Structures are given as structure tokens and as C-alpha cells.
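The model shown is predicted, which means the values in this text are computed figures rather than measured ones. Letters A, B, ... mirror the listed sequences (proteins, then strands); counts begin at 1.
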Amino acid sequence: MIRSFFGATARERVAHLLDAGSVIEFLPPQESAPSPHLARLGLPGALDDGVVVGSATLEGLPVLFAAQEGQFMGGAVGELHGAKIVGLLARACAVRPRAVLLLVDSGGVRLHEANAGLIAISEIMRAVLDVRAAGVPVLALIGGLCGAFGGMGIVARLASHVIMSEEGRLALSGPDVIETVAGVEEFDARDRALVWRVTGGKHRLITGDCESLVDDDIAAFRAAAAHALHAGVAPAFTLAHLLARQRALAERARLLAGLVDGLDVWRALGVPDADEVPMRTADEMMSVAAEMEH
Amino acid sequence: MDIHALLATLFPNGHEVAVDGALVHGTATTAAAASVVVVGTAAAVAIDAAIALALAGRILAALEGPPRPFVFLVDTSGQALKRHEELIGLNAYLAHVASCVDLARRCGFPSLSLVYGEAVSGGYLSLGLMADRAYALAEAQIRVMDLKAMARVTRIPLEQLQKLARESPVFAPGAENYARMGALQAIWAVPTAALLEAALTDLLRDAPAARDTRIRVGHQRGGRQLAEPAMATVARAA
């Protein structure tokens, strides 16, 4: 049975991604209180402030996880939400699980708590790199309603390994923000196919911002995460890594100069039959990506 | 504040810092650290992939030399809002800049940042907020979004936001709010060489064990009451 990652709540994702019965939530709803910042604005809060954090096992391996709830305030990061993730990452440095799984589903900073959210995201960025420096891989899983945007788009890219579905979106500024500021001719946020060609999972696989593309099925995310753990994923950054990335990102910018549509990017990067990309399955895309590396 | 005037004020012992369009880069002489590496932006530039690469390139080049502190000079109106930039993955470029600052810290190159103009969202996240210590001039404008735009997006009346902004540092623009929430070590009324020397001395004293203490500082200053206990509970839950 296929259980959509996209349509699931954060708690459903956690329940089906991780080993049955292994999940322990930290600061669960019954021990928490909703954001007073939202209450002051007359807005409803959530007891978990839109993120579930805890420990579990994945195919028997100990992991820590944070799962953002896209259905609450767009998964956006406020003071409490951010602090829970920072605490989880600090815990990871101390207890050294086999991995930290970040189920990112977020528009970025929660505007109602904008300063707290921005600072929290910078704390999450540093903490992710602390976890990696401690030798613990960080996996980002992106396939929810809100994608990974704003600062959470940066956080995702700091992870050791990114797993996305075709429906997942990964970028910085949301299309609606760009449309509002720069006009509909710059980015038509209602053109879903265009948004997908600029930010979607297949596009990110091709640009090299995502290592695993999977079907929109929680079991497929689980299999990809387990595979990444068993196969071993990138260790902490070294100077050699970052110099190589500097060259790769410079080359990407050079190859893609002036382009504004994913289709042109796929052609420029040598994807065979680029027009066919929207029709291909996740597995087929993984084969295409593997061939592009050679 | 004008970047050339700022450089002359901060580095009276001399500097070789160039202002190449929006990119600020070079070295300067200080009493506290002899040589420091200066990297930053000017003219409230929006950070795009090209500027991010240039910033990262300057940081990486310095890492191939002897360890010394970085001084990041921040003036940015945020990330570039263009479809092309998103298409090529601006988030990956900003993550790369952040990774370079982080690696520098681990390699004995501590960093401090000074907002001397604007600091907005993604532009501030990738460089200024990654530094070990962050400072701002009193005249600096630090924000995610101004209150008018925030009122429009959140559909909360501007008057209500303005009233709440007087009571809470949590969402309204302003360096003072970022200091209360622990993100800024201090605000400088005006820039002086003495303030920079003192900041560098503190940085060099504390940096070897540099940990991110902003949540604790924000709690001590009363700006963030929720974060510290929540973080501690999650970090130490049995």
C-alpha cells in the first residue's frame, strides 16, 4: 500500500518512516504549551509548535528525528519550534546516534516571530554543522506540502544527504515572494509546472542538490534513508570538500548563466531526452543522474 | 555608513581592503590580532549566487594561509529575488558560504561580524549570523521584513503590530531587538577602532571553545524566554 508522504501529517510520517513502536517524543504536547507570541496576536497555537522531535530506530539503527508540520503555520520556524530542533541537534552531538533525520516541511521563518525565527534558523545551521563535525550524518527528507524554503532551504543544503520526492520543492525564496516583489513576468507562482521545473525534486536531482529521488510514498523515503545509513554518507566538510564545492558551484553558475527554466537547465547539463523528464519515474531519474555523473 | 569611512575608522593602523563593486575584501592590521581578513558586502547589495561564490572564495583563500580572525562587514538587503537564482539553487550557494565560515571556525579562524548598513534574512543568515560574535552599529537596519509588509502578509493590522512591537522584541525590525534576543553581542553607538580592538580581544580569548551561546544570552537578556528551557529539555530528555 502506498502511503503518501506529501499528504501525511508530521506525526503520520514519523510513525511510518521509523520502526514501529520505537518512537520516543521529546517535549511532547502534554508537556508543552503553545506559542505565547501567536496568542498575543490572537492566533491559535499548537502544543508542539509545529514540530515533532524525538528518538527512534530505523531498521534497528538508533536515530534522532525532527519532523515539521506543514499544516501548522506553513511549518514555519518560531522561537519554540526552532529551539526544539536546536536542542535535538545538541543532543545528537552528545549521544551520537547513527543519523539525524530532518523531515523538512517549511516556508522558513515564521513572520509572527520573525526575529526569533531568523536567529533560530542560524542556530540550526550551526548546530547541523556541529552534528556533522561530530561524525553524525544529517539526512534531510523533503516531500511535504510546504517544501523546504527560506532558511530551511539553506539548512537542507547543509545536510549530508538530501532525499526528495518529485513533489518535494527545495529553494530559497518562494515563488509567491518573487512574484510579489519582482512581478508575475519574473515568476508566475500560479504556474505549477513552472514552479516544479524551478524547485521540484527532479530538477534538484539534476542540479545535484539532492542525492536520492523517491516516489511519494513514506515507505520509499524509509528505504532511501536506511540505504543512505547503510551505505554511509558524506562526513563533515573539510577544506578539500569545500574547495571542490566552490569549483562545482562556479561551474554550475557558468553553465546555467542566463537560464530561467528548468527544461533549459536539463538540456544544458546534458540530461538525455530532457523533454521526457516530467514523464520519468523516480527510479528512471536516479539512473539518469547516475549516468550524468560518468 | 559609507564603507570607505568605516574602513578608515576601524583600521587606523592601515588596511588593504578593496571595495570591488559590492564585494569588500582584503586584510587589515590591528593591535589585537596583527593581521585580520576582511570580507563583506557594500551598498546594501542583494546576495546572488555570484556574490555568494565571491564571498566563499575569499574565505577559502584565507584558509590556505596562517590562522587569523575574520571581520565580516555586513550590508545587504537580503537574497536576490530572481527566478534564475532559484533555478540554479541560491540556497545551495548560501549554504556553501555558511559552511566556509563554519569550517574556518574549526580551523582556528574565528570570526566577528559588524552590520554597518542593512542586514536582511538570507543575506544575513549566510555570513553575518554565522560568525562567532555579531555586532551592529546603532544605525544598522536588521530585519526579516518591515512592519508594513508584515501586516500585509500576515493580515494583522499595522497598528496592532506597531503596538506589540513596543512590548516585544520577537518580530519587529531593529538591532536592539536582535541584541535582546541574544543574536548581537553588542551595539556600537558609533564605530571606533577601540571597540573593534576590544571585540577582537574577546573573540581571540573565547574562540577556541567557541560554542553557540545565543540562546542562553537571549534568555539572560529577557528577549527569548522560551527557547533556552525548550532546548535544554530536548537536549537532556531521559
Side-chain angles (χ1 to χ4, degrees), chain A residues 26-27 37 40-41 53 79-80 82-84 86-88 90-91 94 109 111-116 118-123 125-127 129 133 151 153-154 157-158 170-173 177-178 181-182 186-187 198-199 207 209 237 239 242-243 245-246 249-250 252-253 256 258-260 262 265, chain B residues 49-50 53 56-57 60 63 79 81-84 86-96 98-100 102-103 106-107 121-122 124-126 129-130 144-145 150 153-154 156 160 164 168-171 177-178 181-183 212 214-215 218 224 226-228 230-237:
Chain A
F26 305 140
L27 205 58
H37 307 308
R40 234 175 265 133
L41 291 166
V53 300
E79 179 176 351
L80 197 52
K84 287 170 72 175
V86 173
L88 184 87
R91 183 187 189 89
V109 171
L111 281 180
H112 314 78
E113 307 178 27
N115 301 336
L118 188 72
I119 298 165
I121 286 177
S122 85
E123 288 163 342
M125 288 165 63
R126 276 190 65 173
L129 293 166
I154 303 177
R157 208 57 195 78
L158 292 173
L170 170 59
L172 188 60
S173 302
V177 174
I178 296 179
V181 175
E186 177 67 27
F187 206 156
V198 173
T199 67
T207 57
D209 292 309
F237 293 119
L239 182 56
L242 292 184
L243 287 169
R245 175 157 293 176
Q246 176 82 12
L249 289 173
R252 185 196 293 188
L256 306 182
L259 302 184
V260 291
V265 169
Chain B
L53 273 178
L60 291 172
L63 294 192
Q79 65 263 26
L81 293 168
K82 291 198 180 327
R83 198 209 306 178
H84 167 74
E86 295 303 334
L87 185 71
I88 69 170
L90 183 55
N91 61 316
Y93 289 80
L94 295 190
H96 177 59
S99 305
C100 292
D102 193 76
L103 182 73
R106 295 177 203 283
C107 294
S121 289
Y124 194 26
L125 272 179
S126 49
L129 282 174
M130 284 301 286
V144 171
M145 193 181 268
M150 204 176 275
V153 177
T154 61
I156 294 168
Q160 193 184 349
L164 270 173
S168 162
V170 80
F171 65 88
N177 288 339
Y178 281 79
M181 303 197 77
D212 192 341
R214 291 176 289 180
I215 282 184
R224 279 194 288 170
L226 311 171
E228 211 274 338
M231 180 197 71
T233 302
V234 171
R236 294 182 213 122

* To do: Just give me the residue among B:Met145, B:Gln160, B:His96, B:Met231 that pairs up with chain A most often, heavy atom to heavy atom, under 4.5 Å.
  => B:His96
* To do: Could you tell me which non-hydrogen atom of A:Ile154 sits nearest to which non-hydrogen atom of A:Met125, and how far apart they are?
  => CG2-CE, 3.7 Å
* Asked: Taking B:Arg83 for the side chain and A:Glu186 for the main chain, is one N or O donor matched with an acceptor at less than 3.5 Å?
  -> yes
* Asked: So what's closer than 4.5 Å to chain B heavy atoms on A:His37: side chain, backbone, both or neither?
  -> side chain
* **Most contacts with chain B, counted as non-hydrogen pairs under 4.5 angstrom, among A:Gly151, A:Gly82, A:Gly258, A:Ala120** => A:Gly258
* Residue list, side chain to side chain contact (heavy atoms under 4.5 Å, CB included) with A:Ala133, at least two apart or on another chain -> B:Arg106
* For the student: nearest non-hydrogen atoms of B:Ala230 and A:Leu80, plus distance -> CB-CD1, 3.4 Å
* Side chain / backbone / both / neither for A:Val181 at chain B, heavy atoms under 4.5 Å -> side chain
* To do: Give, as side chain, backbone, both or neither, the part of B:Ile215 having an atom under 4.5 angstrom from any heavy atom of chain A.
  => both
* To do: Against chain A, label B:Ala49 side chain, backbone, both or neither, depending on which of its atoms sit under 4.5 Å from a heavy atom there.
  => neither
* Structure fact -> Assert top hit (heavy-atom pairs under 4.5 Å, partner chain B, pool A:Leu170, A:Asn115, A:Thr207) equals A:Asn115
* To do: Under 4.5 Å heavy-atom distance to chain B, tell me which part of A:Val260 shows up: side chain, backbone, both or neither.
  => both
* To do: Could you have a look at B:Leu90, B:Ile156, B:Leu103, B:Thr233 and say which one has the most heavy-atom pairs with chain A under 4.5 angstrom?
  => B:Leu103
* **Residue A:Ala94 versus chain B: region with a heavy atom under 4.5 Å** => neither
* Structure fact -> Looking only at A:Leu239, A:Thr199, A:Val265, A:Ile121, the option with the highest number of non-hydrogen pairs under 4.5 Å against chain B is A:Leu239
* Which answer fits B:Ser168, side chain, backbone, both or neither, if we ask what part of it has an atom under 4.5 Å from a heavy atom of chain A? -> side chain
* To do: With sequence neighbours left out, write down each residue that passes salt bridge (charged side-chain N to carboxylate O under 4.0 Å, His left out) with A:Arg252, or none if nothing qualifies.
  => A:Asp209
* Asked: Hey, which of A:Leu27, A:Leu256, A:Leu158, A:Leu129 has the most heavy atom pairs under 4.5 Å with chain B?
  -> A:Leu129
* **Donor-acceptor contact below 3.5 Å, side chain A:Glu113 vs main chain B:Val170** => no
* To do: Report the distance from atom CZ of A:Arg91 to atom CZ of A:Phe26, rounding to the nearest 0.5 Å.
  => 3.5 Å
* Salt-bridged, A:Lys84 to A:Glu123, with N to O below 4.0 Å? -> no
* To do: With a 4.5 Å cut-off on heavy-atom pairs, point out which of B:Leu87, B:Leu63, B:Leu226 contacts chain A the most.
  => B:Leu87
* Heavy-atom proximity to chain B below 4.5 Å, by part of A:Ser173 -> both
* Asked: Can you tell me if B:Arg214 and A:Ser122 form a side-chain donor-acceptor pair at under 3.5 Å?
  -> yes
* Ignoring hydrogens and geometry, is there a side-chain-to-backbone donor-acceptor pair from B:Asn91 to A:Gly153 under 3.5 Å? -> yes
